[in-house]
Amino acid sequence: MKYLTNLLVVIMATQPSAASAAEYHVNRDADNNVTFYSSAPLEDFEGVTDQIDGYVLWEAGDTPTAGGSFYFEVNLDDLDTGIGLRNRHMRENYLETDKYPFVSFKGSINGVKNDIDSTLEIDCAGAFDLHGVTRQRSITVKATAIPDGYHVTGEFIVRLEDHRIKVPKLMFLKIDQNIRLTMDFFLKKSTKENQQ
């Protein structure tokens, strides 16, 4: 995750309010999951990975605020569909993970509202990059407060053709063009003290 570390250093250095920013990172020790689900007439399948990393920054305080920024990435080399041969075909023929090992989402928090209990609905927008093709996306996630962090969940649809991922005609009935991407991961508050 050297790229993520370098990117975080650059963003932190350019944030005008970095000294007062709240900083949360993906808790890599938690039970995180990102799932890519395909529903098709002949066969449904899902690819699952726990290899998600990233961070969120917002103005000082324990509650996310509009104007905050985020960056998340998922390692597609670790995506598991439950069948080794299918894993290999998916990585080599569709996702081309040797060239494009990560899917990433970088952007800003546009709005935050209370949902129920201690859960927030957070509207996010930014650049979603998959297979070397970047698309602007707006999604809403839910964030539930937990001790020292948040439990984040959300989902949205990814169209394979929007990212120039070609599915061979032989496989057309087995893989839907619309893949449902679901996220279920945990953020923990950074223990690093921000200083001027």
Side-chain angles (χ1 to χ4, degrees), residues 1-12 23-39 44-57 64 68-107 109 122 124 126-135 137 139-144 146 148-160 162-165 167 175-176 178-192:
M1 298 293 173
K2 183 177 180 182
Y3 173 75
L4 175 61
T5 303
N6 292 339
L7 182 63
L8 180 57
V9 168
V10 170
I11 289 176
M12 288 293 291
E23 181 178 338
Y24 286 73
H25 294 231
V26 171
N27 183 352
R28 301 293 303 278
D29 296 324
D31 187 17
N32 303 311
N33 281 290
V34 176
T35 303
F36 294 78
Y37 180 77
S38 170
S39 177
D44 294 346
F45 79 89
E46 61 183 28
V48 181
T49 180
D50 62 359
Q51 295 300 303
I52 179 172
D53 202 357
Y55 67 88
V56 184
L57 300 172
S69 60
F70 63 84
Y71 176 82
F72 294 101
E73 66 181 26
V74 175
N75 186 344
L76 297 178
D77 269 328
D78 194 60
L79 203 59
D80 184 15
T81 68
I83 299 175
L85 183 59
R86 183 165 59 193
N87 289 347
R88 195 178 81 216
H89 283 310
M90 182 179 60
R91 292 172 189 152
E92 294 177 0
N93 301 329
Y94 312 141
L95 299 176
E96 299 180 282
T97 56
D98 57 329
K99 297 179 186 175
Y100 316 108
F102 298 103
V103 55
S104 66
F105 191 31
K106 173 187 176 184
I109 298 174
I122 303 176
C124 306
F128 179 78
D129 186 279
L130 170 64
H131 198 243
V133 178
T134 302
R135 300 287 186 189
R137 299 297 306 259
I139 68 169
T140 299
V141 299
K142 292 192 175 186
T144 303
I146 57 174
D148 296 320
Y150 284 91
H151 178 200
V152 181
T153 59
E155 69 175 53
F156 59 98
I157 299 297
V158 177
R159 284 191 57 80
L160 297 181
D162 288 346
H163 296 274
R164 299 191 191 118
I165 298 174
V167 178
I175 299 177
D176 194 344
N178 295 317
I179 303 296
R180 188 171 76 237
L181 190 155
T182 63
M183 304 161 289
D184 186 334
F185 63 93
F186 294 83
L187 294 171
K188 64 180 178 180
K189 190 170 186 178
S190 174
T191 57
K192 181 180 67 174

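You'll find the side chain of Val56 stays beyond 4.5 Å of the side chain of Tyr150, heavy atoms only. Annotation: side chain of Lys142 is in contact with side chain of Thr153 (closest heavy-atom distance under 4.5 Å). No side-chain heavy atom of Ile139 sits under 4.5 Å from any side-chain heavy atom of Phe128. No side-chain heavy atom of Phe70 sits under 4.5 Å from any side-chain heavy atom of Leu187. Side-chain atoms of Glu96 and Asp98, non-hydrogen and from C-beta on, do get closer than 4.5 Å to each other. Side-chain contact between Ile52 and Met183 is absent, with no heavy-atom pair separated by less than 4.5 Å. No side-chain heavy atom of Asp53 sits less than 4.5 Å from a side-chain heavy atom of Gln51. The shortest distance between side-chain heavy atoms of Val133 and Arg135 falls below 4.5 Å.
The two residues Tyr71 and Ser104 make their nearest non-hydrogen contact at OH-CB, 3.6 Å. In terms of heavy-atom proximity, Ile109 sits nearest to Pro64 at CD1-CB, 4.4 Å. The heavy-atom pair separating Gly154 from Val141 by the smallest distance is CA-CG1, 4.3 Å.
Around the CZ atom of Arg159, the shell of radius 6.0 Å holds more than 12 heavy atoms that belong to other residues, nucleotides or ligands. Within a 6.0 Å radius of CG in Asp77, other residues, nucleotides and ligands contribute more than 12 heavy atoms.
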Could you give me the CA-CA distance, side-chain angles and deciding distance for Tyr94 and Leu160, then say whether side-chain contact (heavy atoms from CB on, under 4.5 Å) is met?
-> CA-CA 9 Å; Tyr94 312 141; Leu160 297 181; over 6 Å; no
Carefully, step by step, assess Leu95 and Ile165 under the rule side-chain contact (heavy atoms from CB on, under 4.5 Å).
-> CA-CA 7 Å; Leu95 299 176; Ile165 298 174; 3.9 Å; yes
Let me see the working for Asn87 and Asp80 under side-chain hydrogen bond (donor to acceptor under 3.5 Å, both in side chains), right down to the final yes or no.
-> CA-CA 6 Å; Asn87 289 347; Asp80 184 15; 2.9 Å; yes
Kindly indicate, with the supporting measurements, whether the criterion side-chain contact (heavy atoms from CB on, under 4.5 Å) is fulfilled by Leu76 and Leu130.
-> CA-CA 10 Å; Leu76 297 178; Leu130 170 64; 3.8 Å; yes
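Distance CD/Glu23 to OG/Ser69: 9.5 Å, rounded to 0.5 Å. Taken from OG1 in Thr182 to CZ in Phe156, the straight-line distance is 10.0 Å, to the nearest 0.5 Å. Atoms CZ and CD, from Arg180 and Glu46 in turn, are 8.5 Å apart once rounded to the nearest 0.5 Å. Atom CZ of Phe186 and atom CG of Asp31 lie 6.5 Å apart (nearest 0.5 Å). From His151, atom NE2 reaches atom OG1 of Thr144 across 7.0 Å, with rounding to the nearest 0.5 Å.
Side-chain N or O atoms of His163 include none that pairs as donor or acceptor with a backbone N or O of His131 at under 3.5 Å. Between the side chain of His25 and the backbone N or O of Ser190 there is no donor-acceptor pair closer than 3.5 Å. Looking only at distances, a side-chain donor or acceptor of Arg91 sits under 3.5 Å from a matching main-chain atom of Leu79.
Partner of Phe185 under the ring pair (Phe, Tyr, Trp, His ring centres under 6.0 Å) criterion, out of Tyr24, Tyr55, Phe72: Phe72 alone. Thr49 pairs in a side chain to side chain donor-acceptor pair (under 3.5 Å) with only one of the listed residues (Asn32, Asn75, Asp78), which is Asp78.
Side chain to side chain, Ser38 and Asp176 fail the donor-acceptor criterion of an N or O pair below 3.5 Å.
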